[in-house]
Each structure stands twice: as structure tokens, then as C-alpha cells.
Amino acid sequence: MEQVLWFGWFRADIIAEYAVLFWRGLQMTMLVTLICIVQGTALGLAIGMARLAEARHAPAKQLCKFALRWPSTVYVSFFRGTPLFVQILLIHFAVLPLFINPADGLLISGETARNLKQNYGAFLSGVIALTLNAGAYISEIFRAGIQSIDRGQVEASRSLGLSFPRTMFHVVLPQAFRRMLPPLGNNAISLLKDSSLISAIGLAELAYAARTVAGAYSRYWEPYLTISLMYWVLTLGLAYVVKNLEARYGRGDTR
Amino acid sequence: MDEVIRVKGLTKQFGTLEVLRGIDCSIQASEVVCVIGPSGSGKSTFLRCLNGLEDASGGQVLVGGVSVHDPKTDVDALRSEIGMVFQRFNLFPHKTVLENITLAPTKVRGLSAAQAHSRAHELLVKVGLLDKIDAYPNQLSGGQQQRVAIARALAMQPRIMLFDEPTSALDPEMVGEVLAVMQALAEEGMTMVVVTHEMGFARQVADRVLFIDEGLVVEEGTPADLFDRPQEERTRRFLSKVL
């Protein structure tokens, strides 16, 4: 391909030559981010509720403390207290082979395991690590959101005869969700950017595409500036979506 | 008369603080009981023990013969028979007036949306707020919010209504509209327990007044007896400050 120079220094032809690679990388980044936002939110809700679990009477009271509050607290502490990069490596090279291994995988072994690891290994590890990590951060957002709702709301609902789960679903969570939207939005943006770390275990997403191109041409401005702009557009898009959600769910909130 | 509430030796501690120190009382069907006393005397805690919003430290509360604090009691079913109105209204800010009123009847009683709607309609007429049916709580004045809160509690068709200082958070000019709704309810024969600082209301509407101080029922009687002929020195001292 003929050299195309923009502004006298930017080799646009390199980007054009690898357009498909960047496009695939972009798709992979978006896919991983989307999956991890959805799974991380579900996990975060569950962990957040577990951290707040309380019961009044004897067997359930101890159960809440030892089976729910303690494990969830340790979980959150670990995933927030260690680097995501290390978590990705740990899960990819240590944890996953324990479960998916051609020789003696606890979950899957044999030929299926070999294929799975070869074709989807990095994807699986990346998604699992990022989900577990996001779940820890999102659970804190849920916890703070739920705790910020006035106790009187729960008392009013319970005194009408609504059970605890119904009170959560109809009264507390809808109000908490409104307050959680800004931090959840920030978290989604972090997730999108952090997904670039998965390139370290060989997942062909945006950062991996840039590294491939940089390696092929020994040119660094072009690929990294290109993906920077792509990430930037994606985060701006996410911020816009969150802003619209906030406007839509803002009705009736007095505080 | 039928006894609907029976309290036996009720005590409540918050840590080392003894808030209730052995309360006994019995409330009959259709009776209106006002609970008065200085702030911090335990009267709100007493009321909140009646529907299990507070655990009891000792003693027993029976509502319709069912022990409120027994772990085996279906507390949700019990509470659906006991309406409660709070000092700070506690309307659900993300729901309209209509949705506030229909939530529990549809979810707990299994009413259809149409049935719940028509009940809400009736109750809003009763509290004079039909024109606010689609408003959100933050678009209403305090007095209006409290009247909606009363309608919300009544929508469950409770046998008992508890009021926890229902006018204390209101501007003075809005107190009357809320008390008028409560008085109408009393005249219909609702069983009511009202924690209040409105001595005029207690004197006019109550069948019986309990004076609680330092976690004990110091004195009780008809409004005429308690307000005009108090027997206890503490009652006299309290009344001289508030009347």
C-alpha cells in the first residue's frame, strides 16, 4: 500500500491497512465491557445485599453474619485491595486451568477443555476477572445507595404489611438506583478502560490490536493514538447514556 | 367490649438506656387512646412496639390475641391489619399519590388495579385530595402529604390505626386539616392509638389518655379526669408546661 501522510507525520495508511483488526478489536472491547457491566451489576447487587443481610432471631441471625456478611466483606476487600492486572493473571494462569484442563479439570477436561482453552481461554478469564472485580466495586455502590435511603421509607413499607423483599424491590431499590446512577456510570467507564488490561493474556481487543500494529511497523503514534480516540468516543457515549437515564429516572425525588 | 391490644410488662432497652420500664395496658375495639408525655419519655417507642417496628426487650404485646414479638408470628400479615402514620409522613417519593395508596393493597391484599384504584379514589375524596391523585409527594404541602399518608394506611382497611406524632412536623396552619381527618376517622369507630402533643385534640377526641413518663404509664383516665383532675404530681407538672 502507498504511504499516506496526514499533517506530514501521521501514517494513515497503516490504520487503513489494519482497519479490520481495529474493528474486530473494537467489537471485542464493547462485547467484554457489556457482558461485564451486566454480570458485574447482578453480582454487585447480590454481594451488596449480602453485606447488609441482617436478621432478628437466633438461627438466621448467625447465618447472616457468618455465611453472608463475613464472606462478602472478605470478597470485596480482596478484589478492591489487589491490582486488577494481577487478578487477571491469577485467574488466567492459575484458577482457570484448575477447572478447565485437558488432563484433570475439575469442571471440564479432555478434548473439549483443550478446544475451549485454545479458542476462548483469554476471553473466559478476562470476562471472569473483570466481572469479579466490577462486582466488588458495584456492591459498594449498591450498599451505599441502599443505606442512603431514609429508614422511614422501609418502616412505612413494612408497616403496610409489605415483606422485606417487596420493600426492597418496590420502595428501596428504585430510589437507591436513581442515586446510584452517577457512580454506576463512572464504574462502567472504568470497566471499559480496564478491559484493555486483558490484552496482556492475549485477548484480541482494542489494545491488543494496537500492540500488533505497533509491532509490525515499529510505529507507535498511529496505533495508540487511534485506539485512544476510539476509547474516548466510547466513554463519551457511555457518559451520554448515563446522563439520559438520570434525567429519565429523576422524577419525584425530593432529596 | 372486645380487647384488640393487650400490653403486658413491656420493656425496651437501647444498650444500657431503659426506654420502657414495664408498660401494661389494654385497648378496646373502637377506642381512641391518646398517649402524651414529655419528649424522650418512651411514648413513640411504645407505639412502635405495638406493630413490631421495635423489638421488645421483655414483656408481651398481643394484637387480636397474636403475640407481636413471637418469632413464629407472621409479622407482615399482622402489620397489614395495623395502619401506621408517621411524624415525617414517609410517602414514597418515586411514586404518585395514587401509586403510594395502591401499592400495598395490590401486592399484599391481591386487589386488582381497578379495585385498588377505586378504593384510592374513595379515600382521596375522604381526605379531600382527589385533585392530587397524579401528583408526586414533593408537589404537596406537609398537611397534604400527611393526609395522603393516612389514606395510604386506610387503603389496607386496618382494624387499628397508630399515629406517631402526626402533626409535629407540620406548619401550624396545616395541623387543623390533619386533625379533622383523624377526628372523622375516630367518629367512624376506628380503633386509634395516637401519640400527640395536641392537647386540644386529645381532650376533644380521646376516650382515654395515657400519660407516659420515664418509660412508665404514670397516669391514665378520661380526658376530663386527666386534664382537669390529675392525681400525680408528675402529670400536673407536665400539664402546667404544655397547657
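Computed over heavy atoms, backbone and side chain alike; hydrogens, waters and symmetry mates excluded. First the proteins, then the strands, lettered A, B, ... as listed; each starts at 1.
Judged by distance alone, the side chains of A:Arg51 and A:Ser72 never bring a donor and an acceptor atom under 3.5 Å apart.
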Verdict with supporting geometry, B:Lys126 and B:Glu122, salt bridge (Lys or Arg N to Asp or Glu O under 4.0 Å): CA-CA 6 Å; B:Lys126 191 169 175 171; B:Glu122 267 169 49; over 6 Å; no
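Both the backbone and the side chain of B:Leu53 come within contact range of chain A, judged by heavy atoms closer than 4.5 Å. Using a 4.5 Å cut-off between heavy atoms, A:Arg158 touches chain B through backbone and side chain atoms alike. The part of B:Val75 that comes within reach of chain A is its side chain, from C-beta onward, which places non-hydrogen atoms under 4.5 angstrom from that chain.
The backbone N or O of A:Phe142 sits nowhere less than 3.5 Å from a side-chain atom of A:Gln147 that would complete a donor-acceptor pair. Distance alone, capped at 3.5 Å, places no donor-acceptor pair between the B:Ser80 side chain and the A:Gly161 backbone.
Ranked by heavy-atom pairs under 4.5 Å with chain A, the list B:Glu81, B:Arg48, B:Gln139 is led by B:Arg48. Between chain A and the options B:Leu78, B:Leu162, B:Asn51, B:Leu103, heavy-atom pairs under 4.5 Å are most frequent for B:Leu103. Taking B:Met84, B:Met156, B:Lys107 one by one and counting their heavy-atom pairs under 4.5 Å with chain A, the maximum is reached by B:Lys107.
Note that B:Arg152 lies outside the cation-pi zone of B:Phe89, set by a 6.0 Å cut-off to the ring centre and a 45° limit from the axis.
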